[in-house]
Amino acid sequence: MTRESNIPEFRYTAAFANTIELKWQKYWRDNGTYHAPNPSGALAGDPKVSGLPKLFIMDMFPYPSGTGLHVGHPLGFIGTDVYARFKRMTGHNVLHTMGYDAFGLPAEEHARQTGQHPRENTNANIANMQRQLDRLGLGHDERRSVATTDLEFYRWTQWIFLQLFNAWYDDELEKARPIDELIDELDSRARELPSGKIWHEMDDISRQEIINDYRLAYLAEAPVNWCPALGTVLANEEVTAEGRSDRGNHPVFKRPLKQWMMKITSYADRLLDDLTDLDWTDAIKTMQRNWIGRSEGAEISFTVNESQIKVFTTRPDTLFGATYIVLSPEHPMVEELTSSEWPPDTPELWKNDFTNPVDAVHAYRNESARKSDLDRQENKEKTGVFTGSYACLPVNKNSIPIFIADYVLMGYGTGAIMAVPGQDERDWEFAEVFDLDILRTVQPPENWEGKAYTGDGPAINSDFLNGLDIEEAKTTMIDWLENNKSGKKQVTYKIRDWLFSRQRYWGEPFPIVYGATGLPTALTDEHLPVELPELIDWAPRTLTENSDPEPPLGRAENWAHIEIDIGDGLQQYSRELNTMPQWAGSCWYYLRYLDPTNSEEFVSEDVERYWMSGGVGGVDLYVGGVEHAVLHLLYSRFWHKVLFDLGHVSCPEPFQRLYNQGYIQAAAYQDSRGLYVDAEEVVEDNGDYFFDGNLVTRSFGKMGKSLKNSVTPDEMYDQFGADTLRLYEMFMGPLDQDRPWETKSVVGSQRLLQRIWRNLVNEENGELEISEAAASLALRRLLHKTIQAVREDMDNLRFNTAIARITELNNEITKLAEPTPREIAEPLVHLLSPLAPHIAEELWEKLGHTESIVYARFPVADQSMLAVEVLEIPIQINGKVRSKILVPSDISASDLKEAALNDPKISSEVSGKDIRKEIVINGKLVNFVT
RNA sequence: GCGCGAGUGGCGGAAUUGGCAGACGCGCAGGCUUCAGGAGCCUGUGUCCUUCGGGAUGUGAGGGUUCAAGUCCCUCCUCGCGCACCA
């Protein structure tokens, strides 16, 4: 219980902080303080401001969760806000705003559980989250806020979809082009179809089918990830390595279904190459590279009877060492390659106890079909069975056996490999199990004792390759294969085209209709937006593995069938019933921030060029969690590149600098049954933790409902105020690092603000209490040292050390006997203002200023104040500090040595000893070695 | 298994062209103020020893380079993240 009567009326308490915070938040809102002017258009403003260097700072925009924020969420938002405020004070036109990623599975799942319509639910969540964020005092240009669920926003998501639908990838020019240009080239015979079909001899429907396959957004029948529990199909990126849904951890099944796909594979090389120019961490770049999974090698054909098996290998140089072939059990040629009888002399080992290959192969295929991906991963013992057929090795016509084995995956390369046990560990293991030949074709080092040798060395046992190193042997072999029509150079990728349709209600409808031909047809711009129909029954059905996905939009009978004119007169059409995935809106929202009210274009050219200029990527700083490393960041790079190719944006990449903030973790406690107990109720006693008198165990994890360890910003506003919360979150540690939350430590940040306040304001009467007299030279020096350090720290997002420097300065001010000199007080408030903007505004006003501090100039250190006259130099003997001396900073090395030797402590220590070596680092230290 | 990152007081963390380890904060201890303290202020606080001057020791473990190593090199351990039979 606090007794208010003892606390001075104008002390900086939580209640007082709340008063001034609300005051200044209202002021900023009323004055449009954070409005960043565009160079032209509806949001144009003061040309003096839009003439400043621009800075586009962004947070990954959040999904408005129904449970609201906990203190872990705003960490990155605060970080970008501090940086943005600092940059405003150094003469930049800073664009910083916030939007909501409000479509998608989670919104709908939540709505399904509560029975509320997704829109109502989403709007309520957005309002709540906006309230929580506003209270933090984030300097966002609120005019630019968007939600992906706004009709005026998703109108343009649909428009961008049409850009993709109406474009194709020209492999020669390595860029996307309008589909009409392809049609023109085919019409004028400037281009032939690679299939050999003759364009001019085809009917209209066949032509449309051909063209549709060229589109960057296309319909395809392909094995997709069907998640019955979610009632929808999912992209590869949304399925975990265990074969479950990323969201909800439900089982996912591979099923062939006709779905919308995006041709992201066409951009694989550019997505890979352009990573080089981005200021992203190597961790994220590596994750993207792994996901794209480019490997160079060769496709080699092996002849079996009349047919050919194509294998992909990255080691064509080892072809002479191929002693068998392995097909994935799902490979389409397995059946035709399975002979009816075991060939004479087939080793028993290869038969798996079956009397003929047909039964053996059948049994093996059934067994591996039953195995989940997880089983296949966990059990790496090699299994397989002989098909009874032999293939012909193209270089020497040797006959080698063909196996099927589940260590070869259908989803990669051609689903078939040439096995080279001498140079491949997996093949070696398999060869050991089945007693197959092993032939080394690369000479291992002399004392090599291992099995397969994958390192470099001269080729052996390889005829015309002998003596060549791996790289030379590869190119020589590829030449040979191409000359002998047995293969070719080949690049494969792990990345697959992006599955883009979902059987859900709460997403963007496709701007696509189907006419009499049944082929997909694009709506034209004037028919946009395609608005989501109001549905009473919008929930997806819970379905089984074998059922078909049912798009909920099919239940909107009146909406699903329309009569419109899209160029061929008024006709009957049925609409596409799928919706887009959640990623669609987040692929491009940053562009809408630039020009959110534009009803003619998704962003005007002029505005886009202004904000997106500077590097290869337009956004100057993008802060968000590492969990979007391959999903959002890959998809939006892809869309951006398409828009770039088609001339709609001016730079090839969206995000120049990416920064991954860490997570705030919190202690969670489990009782003896393993159940989580309310962390707030746990008490510590001598290193042990108790809940309700019972011993509980502590662990750390992400804040949230399930661990019962959430702390909300609202609680922090009540107990400390928003400035304190901001300061504490920035002070906990480096922004990119995970850190444990400790409510009991927050008070430290509040004390700093209290002390700064008290150093400038009389707590009893609330009056400014500073001195107009000059500061001491020592304090002035400290101030400039602090300014220098804080500036550097702010620039490098090292807010924790910036706060430490400010604290040091304030600690010195606290020691003064007289009031704080104005020449110190004003810069101190400047240094503080990006971190704790409300108290800074209040102090700034008390200091007599009528303009907001937001656009004040951040102090610059006076270099002459940084130079010191006297240095304290440690003197070491044998590397150990024995004394310290004060010397003039401009002392010469020899004088420094003399001064050190004259130090009484040093002279007594070295007297009678032989100084063998003297190290004199001027300005740093002296070390005598005896 | 492969790749990346990290290991510093009771706790969060400072310190990098190698140059005084532990800035700043929390916590803790003592004091002031107070009827009281879960408020505020001051002082102290790596560990061990100490005659209170100081001494020894110390950055996951072990070794090395150097006048000098948290920092560089080698070997190993632990934790986190990513990928995982990708041919």
Side-chain angles (χ1 to χ4, degrees), chain A residues 1-4 6-8 11 13 241 281-287 289-291 293-295 297 311-315 318 326 328 376-382 405-409 411-420 423-427 429-430 492-494 626-627 629-630 660 684 687 727-728 731-734 736-749 751-752 754-755 758 763 789 798 800-808 810-811 814-815 872-884 915-921 923-930:
Chain A
M1 285 296 140
T2 48
R3 291 258 301 269
E4 297 292 335
N6 262 357
I7 294 174
R11 171 160 294 171
T13 59
T281 61
D282 286 335
I284 298 277
K285 288 186 181 183
T286 305
M287 282 189 239
R289 289 191 184 109
N290 286 344
W291 187 262
R294 178 189 158 103
S295 29
V311 307
F312 174 72
T313 177
T314 55
R315 293 292 302 274
T318 61
V326 186
S328 145
R376 263 167 100 147
Q377 271 170 43
E378 279 178 352
N379 184 10
K380 294 195 176 175
E381 273 158 43
K382 297 287 177 288
D406 65 7
Y407 83 93
V408 174
L409 309 174
Y412 188 76
T414 60
I417 62 154
M418 62 178 209
V420 190
Q423 278 81 232
D424 185 288
E425 283 160 24
R426 297 152 300 174
D427 296 345
E429 279 175 37
F430 190 84
T492 66
Y493 301 88
K494 211 167 77 179
V626 74
E627 74 271 17
V630 288
N660 299 111
E684 196 229 312
L727 200 60
Y728 175 64
F731 183 60
M732 291 166 83
D736 57 358
Q737 200 169 300
D738 293 350
R739 73 283 305 274
W741 178 267
E742 249 187 8
T743 298
K744 69 170 188 187
S745 295
V746 182
V747 69
S749 298
R751 281 180 196 149
L752 172 62
Q754 268 177 353
R755 288 167 191 173
R758 186 159 45 224
E763 285 190 326
R798 290 194 304 245
N800 54 329
T801 48
I803 294 166
R805 298 291 88 80
I806 293 171
T807 309
E808 283 172 325
N810 190 59
N811 287 349
T814 306
K815 289 178 194 158
E872 190 189 44
I873 303 288
I875 312 300
Q876 298 179 335
I877 294 176
N878 295 331
K880 287 181 179 162
V881 179
R882 288 293 128 140
S883 185
K884 292 174 185 181
I915 295 179
R916 289 190 294 134
K917 197 164 181 179
E918 297 159 347
I919 288 101
V920 181
I921 313 289
K924 291 265 184 183
L925 60 53
V926 179
N927 187 10
F928 297 115
V929 184
T930 60

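In what follows, chains carry the letters A, B, and so on, assigned in the order in which the sequence lines appear, proteins first and then strands, with residues in each chain numbered from 1. Model, not experiment: these values are computed from the prediction.
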Taking only the [atom1] atom of each, what is the distance from [N] to [M] in whole angstrom?
| N | M | atom1 | result |
| --- | --- | --- | --- |
| B:C72 | B:A15 | P | 15 Å |
| B:G18 | B:G54 | P | 33 Å |
| B:U57 | B:U8 | C1' | 15 Å |

*Is any N or O donor-acceptor pair between the side chain of A:K382 and the base of B:C85 shorter than 3.5 Å?*
yes
Scan [X] against the nucleic acid and name what it touches under 4.0 Å (heavy atoms): base, sugar-phosphate only, or nothing.
| X | result |
| --- | --- |
| A:D738 | sugar-phosphate |
| A:R751 | sugar-phosphate |
| A:S749 | nothing |
| A:D427 | nothing |
| A:T801 | sugar-phosphate |
| A:R755 | sugar-phosphate |
| A:K884 | base |
| A:R882 | sugar-phosphate |
| A:D282 | nothing |
| A:K494 | base |
| A:Q754 | sugar-phosphate |
| A:E425 | nothing |

For [N], give its Watson-Crick or G-U wobble partner with both distances under 3.5 Å, or none.
| N | value |
| --- | --- |
| B:G10 | B:C26 |
| B:G18 | none |
| B:G62 | B:C74 |
| B:G3 | B:C81 |

Between [X] ([atom1]) and [N] ([atom2]), how many Å, whole number?
| X | N | atom1 | atom2 | answer |
| --- | --- | --- | --- | --- |
| A:R739 | B:G25 | CZ | P | 18 Å |
| A:M418 | B:A87 | CE | P | 13 Å |
| A:R798 | B:G13 | CZ | C1' | 14 Å |
| A:N290 | B:C83 | CG | P | 8 Å |
| A:N660 | B:G80 | CG | P | 20 Å |
| A:E742 | B:G10 | CD | P | 15 Å |

*Out of B:C85, B:G19, B:A87, which nucleotide sits closest to the side chain of A:Y412?*
B:A87
*Heavy-atom donor-acceptor pair, A:K494 side chain to A:Y412 backbone, under 3.5 Å*: no
*Would you classify B:G22 as syn or anti? Syn applies when the glycosidic angle is within 90° of 0.*
anti
*Indicate the ring-plane relationship of A:Y407 and A:F430, choosing parallel, tilted or perpendicular according to the 30° and 60° boundaries.*
tilted
*Any side-chain heavy atom of A:Y728 sitting closer than 4.5 Å to one from A:T743?*
no
